[in-house]
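A quick write-up on the structure given underneath.
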Amino acid sequence: MNIVVLAGIVITIATAIPVFLEMRKHPKGLHILFFAEMWERFSYYGMRGLLIFYLTQHFLFNDSLASAQYGAYTALVYLLPLLGGYLADRYLGNRKAIAFGALLLVAGHATMGIEGEPATQQLSYQGQQYELVAEGRGSMREVALEVDGELYQFSANGEGDFLVADLPASASIPSLLPQGEFEILEAERDRTFLNIFYFALALIIVGVGFLKANISSIVGQLYEENDPRRDGGFTLYYYGINLGSFWAAILCGLLGETVGWWAGFGLAGLGMALGFVVFVRGRALFFLPGKNLIDHVGNPPSREKLKAKALGPLNTEWLLYGVGLVTVVVVWFMVQAHTIRFTLPGMGEQDLLALFLLIGGLGFLGYMGVYMAKNCTKVEAQRLILALILIMVSVVFWALFEQAGSSMNLFAARNTDLSVGSASITASQVQSFNAGFILLFAPAFAALWAFLAKLQKNPNTPLKFGLALVQVGLGFMVLVWGVNFAGDDYRVPLIFLAGAYLLHTTGELCLSPVGLSAITKLSPAAVVSTMMAGWFLSSSFAQYVAGIIATFTATDTVAGQVLDPEAALNGYAAVFGSIGMFAIALGVIFGLLSFWLKGLGHGRAEDQISAKAEAAGPDQDARDLL
C-alpha cells in the first residue's frame, strides 16, 4: 500500500472521532454541509493538485505560461462567487444555487477526463529535427532525446549549452550543442483538445461560483447571531473541507501520476457527484430515508417571484439557470484572457483578466459603499468597514499561501527529495500535507479559541490575521533554510517542505475559518452572501497575484523537464526568501494595528465568553453575549 494512503487512513481515524464527538454539540445541519463541502473540495483539489503538471507536461506550456494559466483559472474560480452570491441573495436562495453549481462541477470534471494526445516538442540542429520523448507523469516523468532511433538523457550547463549524455561518437549530432546553435521548437498541441480543456475549466469555474460562497453562508445561518459555537462550527466545517482536500491529493494525485490524467480527474468528478447527492437529500447517509436537515435554511427570498414568468415559457428560476450556461461560454473565453494584452494608465501592459478583476473589485466596493450609505447605522457601517479591511489583508495571505498549487508544487517535483525511508511519494501527493495538518490541528484550534474565550484571552480577529501573515512568511523561510541541505542532485530533504506546509497550515487556521466566521458576524443578513462572495473575490485577486509571483520562479524547461536543477533551486530560494520577509513584516505591523481595528467591530471582532453568557448557554439571547 502507498505510504501516503496508509498514513491518511491513520490520520483520518485518529482525527475524525473527536471531530464527530464535537459536532454533536452543533446543529445537525452542520453534518450535511460538512459532507457536501467535503466532496466538493475533493473534486476541486483533486483536479488542482494535478493541474500545474497537466499544463507543463501534457500540453507542454513553459513555466511562465503555465503559472499564468493556473493563476487565471484559480482567479476566476474565486471571482465568480460574486455572481453566484448575488443571484442567491436576490433570487435563487443558497440551496438552489448550490445544487446548480454542483451539477456544473460534475460536468466539468467529467470533461477534464477527455485529455487527447499529449503535445510534442522537437529540438532543431543544423536543419534536422530530433524528437523529445516523454514517459510518465508528475515527479516520475522522464524526457529523453531521440537520436538515430535511440533515446539519450540530456541536461544543460551554466552557459546554456545543451548536453546529451552517453552519445556515441558516430551519432548524427555532437554531445555538446553550444547555445545559439540549436533551437527548441514550439510545442505542437491539438487545438481541439485544448479547447475541450478550457471548456472543462469554464464549467468548473462557474460551478464553483454558484456553490462556494453560498454553502459557507448556510453554515452561518445554522447559528444565532452571537452563538459562541459559531467559530468552532466553522472550524469543524473547515475540517470537512480539508478531509476532502486531503484524500483528493492522496488518491487523485496517485491515480493521475501513475495511471493517467483521466483517472485522477475522473475520480475528482465522482467525488463531486457524491457531494451533490448528499446535499440534495439533506442526509449524510443519503441512501437512507429521513428528514432533510437543511430545508429550513438557504431558501429563496421570494418563491413567488422565482416561479413567475420571465422570458417566454421560462420562469425566473430557469432563466437564471440559462444565464449560468451562457456564463460558461463567456468564462471559456475569459480563462484564456491571459493571452490578450492591453495597457492600463500607470500600470503598464496587463492581460484582460486584470481588467475583469478590477471591474469586479470596484463593482463590489461600490455596491457595498452605496449599501452602507443608504441602509446602515454607524455601528453597522463600521463593522462592514472592518470586514472589508480583513478582506483586503487576506489578499496578501492567499497570494503567498496559494504558491502551493503552482511554484511549490513544481518545487516538490523538481527540487525536493520525495523519498520516505525506502518508499517514496508522488509530487502531487505532497499537496496532502496542508490538508493533513488541518485534520490534525483544526479540532485543537477550535478548542483553543473556545478555551481562550472563556478566559477572556481570545485574540481579536485582526490579531489572528497578523499571526497568519507571520506564519506564512516563516514557512517560506524554512524552505530557504532547507536549500542549505540540498544534495548533489539539488534536491531539498522532504522535511523542510513539510515544515513549510505546517507553518502555512497553522497560519491558515488563524485566518480562513476565523475570516469566514467574521464575515457572517460583521455583515447584515441582507448582504451576507454578497459579502461572502467578496471574501472569495479577495482570493480571486490573490490567485491572480499568486500567478504573477510564481512566474518569477520560472526556469528553462525542455518538454516539461528542467535543464539546470541548480539554477532552478537558486531561483526558488530567491523568490521564497523575498516574499517570506515581506509577509513577516506586514504581519507584525497589522498585529500592532489590531488593537485599534478591533473597535470597529463593536464586540463582534472579540469572541470572549462572559461568566453570565457561559451560564446561560449557547441558546440564550444574543444581547447577553455582548
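Count residues from 1 along the sequence.
- Between the Ser540 side chain and the Ala75 main chain, a donor and an acceptor come within less than 3.5 Å of each other.
- Contact of the Leu92 side chain with the Leu306 side chain is registered, since non-hydrogen atoms from C-beta on lie closer than 4.5 Å.
- Formation of a donor-acceptor pair under 3.5 Å by the Asn242 side chain with backbone atoms of Ser245 is not found in this model.
- At distances below 3.5 Å, at least one donor-acceptor pair connects side-chain atoms of Thr316 with backbone N or O atoms of Lys305.
- Side chains of Glu40 and Tyr44: no donor on one and acceptor on the other come within 3.5 Å.
- Between the Ser523 side chain and the Ile519 main chain, a donor and an acceptor come within less than 3.5 Å of each other.
- No side-chain donor from either of Glu508 and Ser512 sits under 3.5 Å from a side-chain acceptor of the other.
- A donor-acceptor pair under 3.5 Å is formed between the side chain of Glu380 and the backbone N or O of Thr377.
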Next on the checklist: Under the criterion side-chain contact (heavy atoms from CB on, under 4.5 Å), I'd like the reasoning laid out for Leu211 against Glu37: C-alpha separation, chi angles, the key distance, then a yes or no.
Outcome noted: CA-CA 9 Å; Leu211 186 148; Glu37 181 67 351; 3.7 Å; yes

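- Within the 4.5 Å cutoff, no side-chain heavy atoms of Val208 are placed close to those of Leu80.
- For Gln431 (side chain) and Ala404 (main-chain N/O), a donor-acceptor pair under 3.5 Å exists by modelled atom type.
- Between Met531 and Leu384, the closest side-chain pair of non-hydrogen atoms falls below 4.5 Å.
- Comment: Arg48 engages Glu402 in a salt bridge, judged by a side-chain N to carboxylate O separation of less than 4.0 angstrom.
- Checked against His504 for a ring-ring contact (aromatic ring centres under 6.0 Å, His included), the options Phe576, Phe476, Phe397 give a single hit: Phe476.
- Within the 4.5 Å cutoff, no side-chain heavy atoms of Pro300 are placed close to those of Tyr91.
- Aromatic pair Phe210/Phe100: centroids less than 6.0 angstrom apart.
- At distances below 3.5 Å, not a single donor-acceptor pair connects side-chain atoms of Asn458 with backbone N or O atoms of Lys454.
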